[in-house]
Structures are given as structure tokens and as C-alpha cells.
Amino acid sequence: MNKLRVGLIGVGGIAVGRHIPTLHKLSDRTEIKAVSDINMERAHQVAYQYGISGVYQNYQDMFHEVDAVIVSTPNKFHAEIAIAALDKGLHVFCEKPMALTTAECEAMIAAAKRTGKVLSVGYHYRFMKEAQGAKKIIDAGEIGRPLVIRVQALRRRKVPGWGVFTNKELQGGGSLIDYGCHLLDLALWLIGNPEPVEVAGAAYNQLSRIPGQVNMWGSFNHETFNVDDHVTAYLKFASGASLLMETSWSNNISQDVIENISISGDKAGIDVFPLRLNYPKHGMLFNSEAVWMPGEDDPSIPQAHNFINACLGLEEQVVKPEQAMQVSSIIEKIYENSKVIS
């Protein structure tokens with residue numbers, strides 16, 4: 001089988017921490033041919049460290065020697081780069097979120113359709129063993145009709161103090177678009193991606209604008225901080241089901257991290273992290289936990305396998321671009337419907 005030739009556009013933390021190591025583990029199926037970054041010193045450093053031959057400042061200059069690209073630039077540039085690559089006949093894996101606006105997402109999907117190339121988005125939580133197990137249980141009808149979905153993506157005092165995570169112009173927002181999007185995407189996928197008929201929310205950044213805050217992930221300028229560090233949201237679906245969401249980079253909670261999706265159905269309920277089915281039976285109440293689940297501990301591996309196989313026409317994409325667009329559309333509405341409360 002021919003190897004999929006891959007180029008990386010943007011070689012920041014996610015490229016070096018996830019994508020390059022993952023592709024190296026799959027070197028029997030892929031070959032990293034080139035990297036591109038506006039910071040050429042960084043690009044050369046990464047290329048030297050990982051033995052990559054092609055180094056470019058202009059990402060389009062690498063297109064001739066690759067079959068697919070991984071886009072891990074600031075969010076503002078996702079649509080522009082993805083469309084350019086698709087129009088050159090390349091498959092595209094784009095880091096989450098898909099883009100800043102629904103209109104940009106639509107343009108990306110249109111490019112994928114007219115070129116017949118794969119466009120995938122990096123919602124790797126879907127590939128976690130717990131998520132895969134929950135999807136099997138829900139699709140088998142064991143919880144019945146979903147009624148109430150609760151989503152939590154909370155960190156205690158962990159505003160990313162590096163890169164451009166707090167740059168609203170480049171990223172489009174803060175904790176919701178960077179972190180909460182993962183759990184929102186997973187929750188929607190688990191219940192079949194219904195379209196919401198109502199979206200409401202509130203975004204906050206009061207805590208991060210107070211001088212002298214304790215922060216576990218580096219430092220940032222509290223005076224110029226203008227993205228959300230805490231968001232609540234409410235979604236209602238045509239079926240009558242509702243979704244309650246809370247996400248934060250910098251919550252005053254007792255735990256370091258709280259990540260969970262809890263779905264109450266009319267037959268049973270399910271918690272995803274840890275995976276547990278809650279149900280009545282024989283006049284009693286039961287909680288059943290999964291004691292073993294198949295799959296990889298690192299979700300990056302099955303995510304990469306799925307992208308490679310989709311590019312080769314061997315399997316269907318797990319993350320469809322229309323579903324990723326739905327997440328971006330909801331995030332866009334939450335931001336539109338709420339002024340940042342500071």
C-alpha cells in the first residue's frame with residue numbers, strides 16, 4: 001500500500017505534541033514530507049528534530065509534494081488554508097474548531113464537495129474508548145429517547161498563558177471555542193446531531209481580569225484579556241430534549257478538571273467519563289460501569305487511522321464536516337447571544 005504523504009501547516013504545540021508523534025507511530029502508512037510555519041526558525045527546528053525534509057514559509061509551496069495536509073494554525077486561518085489545499089486536490093485534516101463562522105464552514109464544505117477530497121476536523125474526544133462505548137450503548141436504544149443532556153468541560157485556574165489562545169482576533173474566543181467545543185461536539189454526536197431550535201448562553205471573563213490571579217498554565221495580561229474564561233449555555237431541540245453546558249478555563253472548583261457528559265433518557269441514563277449506565281430494573285436502581293473497553297488509550301491513534309483510511313477510500317469519516325460545522329454554528333450563536341460579562 002502506498003504511504004499517504006502528509007504536510008503540516010503550523011508547527012506549534014498541537015503539531016509537535018500530537019500530530020507528528022502520532023504520524024511517526026503510523027510510519028508504515030504515512031510519511032511526513034514537509035512542514036510550514038510563518039516562523040521559519042521554528043519550522044526548521046521542528047523539521048530537524050523530526051527528520052522532515054521539506055520546510056516552507058508559504059504553505060502553498062508544499063502542495064506539490066503531499067497528498068494531505070494537517071492544519072493547526074490559529075483558528076482565523078483554518079478556512080483560508082483548508083480551501084486552498086482542497087482546491088489543489090489535497091485531503092485536509094483541520095484542527096478544531098472547524099472555523100470562526102458558519103459561513104466559513106460552509107465554504108470549506110463546498111470546496112470538499114467540488115473536489116471530492118476528504119475534509120475532517122480534529123474532534124478527538126469521539127475516539128476515546130468511553131465515547132465509542134457510549135455511542136454503541138445509545139445507538140442500541142438502551143437509554144431510550146434522550147431527554148436532558150448535561151455537559152461539563154471545566155478546568156481549575158488553567159488559562160493557557162502561551163501561544164495565541166487569549167487573542168480574540170486570531171482565535172475568535174476563549175474557553176468555549178478552544179475547550180468546550182470538544183465536549184459539545186461529543187454530546188451532539190452521541191445523540192445523533194439534532195439541530196437545536198433554541199440557543200442561549202452567557203460568557204464571562206471577570207475572574208481573568210482581576211490582577212494577581214493564580215494560574216497554573218503560565219501568565220497572561222489581565223488588562224488586555226478579552227476572551228471568555230467561563231461560559232454557560234442552554235440548547236433546546238425540536239424533540240423537546242435540552243442540553244445544559246458549562247465550560248471554563250479558570251473555574252473556582254475543588255477538582256483540577258471536571259469532564260463529563262451525562263444523558264438522561266426515558267429508559268436509562270448514561271455517564272461517559274467514567275462510562276456508566278444507570279437504570280431501573282426489578283423495582284430497584286442499578287449503576288453498571290464498564291470494567292473493560294476495547295481500543296487505544298490514546299485517541300489520536302484511531303483518529304489518525306480514520307483520516308488515513310478515509311483518504312484512501314477504505315472507511316467512512318467518524319467526524320463529518322457538516323457535524324463540525326454544527327458545533328461552530330452553535331458556538332457562534334452562543335457568542336452572539338451573550339455579551340462577555342466582565
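Residue numbers count from 1 along this sequence.
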Check: Q326 side chain, P194 main-chain N or O, donor-acceptor pair, under 3.5 Å: yes
Any donor-acceptor pair under 3.5 Å from T247 side chain to V231 backbone: no
Check: I109 and M325 side chains under 4.5 Å, non-hydrogen atoms: yes
Short side-chain to backbone donor-acceptor contact, Q317 and L119, under 3.5 Å: yes
F127-H305 aromatic ring centre distance below 6.0 Å: no
Min side-chain heavy-atom separation V71-E95 under 4.5 Å: no
Main-chain N/O of V16 paired with H19 side-chain donor or acceptor, under 3.5 Å: no
Backbone N/O of A153 and side chain of E259: donor-acceptor pair under 3.5 Å: no
Heavy-atom pair of closest approach, residues V272 and A134: CG2-CB, 4.2 Å
L285 and N278, any side-chain heavy atoms less than 4.5 Å apart: no
Test log, rule side-chain contact (heavy atoms from CB on, under 4.5 Å), inputs E142 and L277: CA-CA 9 Å; E142 293 195 35; L277 190 63; 3.5 Å; yes
Any donor-acceptor pair under 3.5 Å from T22 side chain to R18 backbone: yes
Steps toward side chain to side chain donor-acceptor pair (under 3.5 Å) verdict (N226, N205): CA-CA 7 Å; N226 66 349; N205 69 5; over 6 Å; no
K158 side chain near W217 side chain, heavy-atom distance below 4.5 Å: yes
Sub-4.5 Å side-chain heavy-atom contact between M40 and Y56: no
Residue pair I261 / Y125, side-chain heavy-atom distance below 4.5 Å: no
Approximate separation, where rounding is to 0.5 Å, of M98 CE and S329 OG: 11.5 Å
Stepwise side-chain contact (heavy atoms from CB on, under 4.5 Å) check, I177 with V227: CA-CA 10 Å; I177 202 168; V227 297; over 6 Å; no
Salt bridge flag under 4.0 Å for residues E169 and K76: yes
Full working for side-chain contact (heavy atoms from CB on, under 4.5 Å) between T232 and Y204: CA-CA 9 Å; T232 57; Y204 303 81; 4.3 Å; yes
W249 and D228: CA distance, side-chain angles, deciding distance, side chain to side chain donor-acceptor pair (under 3.5 Å) verdict: CA-CA 9 Å; W249 276 338; D228 51 284; over 6 Å; no
Polar side-chain atom of R42 near backbone of V11 as donor-acceptor pair, under 3.5 Å: yes
Backbone N/O of E315 and side chain of N309: donor-acceptor pair under 3.5 Å: no
Plane angle bin for F286 and Y279 - parallel if under 30°, tilted between 30 and 60°, otherwise perpendicular: parallel
Chi angles and distances behind the side chain to side chain donor-acceptor pair (under 3.5 Å) call for Q213, R157: CA-CA 9 Å; Q213 287 299 303; R157 299 305 181 97; 2.8 Å; yes
Verdict with reasoning, R114 to D87, per salt bridge (Lys or Arg N to Asp or Glu O under 4.0 Å): CA-CA 8 Å; R114 68 173 171 260; D87 282 339; 3.1 Å; yes
Salt bridge flag under 4.0 Å for residues R126 and D185: yes
same_hphob_cluster(M62, I83) at 4.5 Å side-chain heavy-atom cutoff: yes
Basic-acidic side-chain contact under 4.0 Å: K320, E316: yes
R155 with D256: basic N within carboxylate O range, under 4.0 Å: no
Distance in Å, I301 CD1 paired with L26 CG, rounded so as to fall on 0.5 Å steps: 5.0 Å
Heavy atoms of other groups near M216 CE, more than 12 under 6.0 Å: no
Option among V164, L100, N167 that satisfies the side chain to side chain contact (heavy atoms under 4.5 Å, CB included) test with P74: V164
K135 side chain to W189 backbone, donor-acceptor under 3.5 Å: yes
Derivation of the side chain to side chain donor-acceptor pair (under 3.5 Å) call for D229 and S250: CA-CA 6 Å; D229 62 12; S250 191; 5.0 Å; no
Side-chain touch I20/I32, heavy atoms, less than 4.5 angstrom: yes
Any T166 side-chain heavy atom under 4.5 Å of Q171 side chain: no
Backbone of R276 reached by a side-chain donor or acceptor of D271 within 3.5 Å: no
Any side-chain donor near an acceptor of the partner, T102 and E332, under 3.5 Å: yes
Lys/Arg N to Asp/Glu carboxylate O, K33 vs D67, below 4.0 Å: no
D297 atom CG, over 12 foreign heavy atoms within 6.0 Å: no
Rounded distance (nearest 0.5 Å) linking atom OH of Y59 with atom OG of S36: 9.0 Å
Parallel, tilted or perpendicular: ring planes of W162 versus F165, cut at 30 and 60 degrees: perpendicular
Within 6.0 angstrom of I38 CD1, more than 12 heavy atoms from elsewhere: no
Derivation of the side-chain contact (heavy atoms from CB on, under 4.5 Å) call for Q60 and I81: CA-CA 9 Å; Q60 298 196 46; I81 295 171; over 6 Å; no
Between CD1 on residue I14 and CG on residue L8, distance to nearest 0.5 Å: 11.5 Å
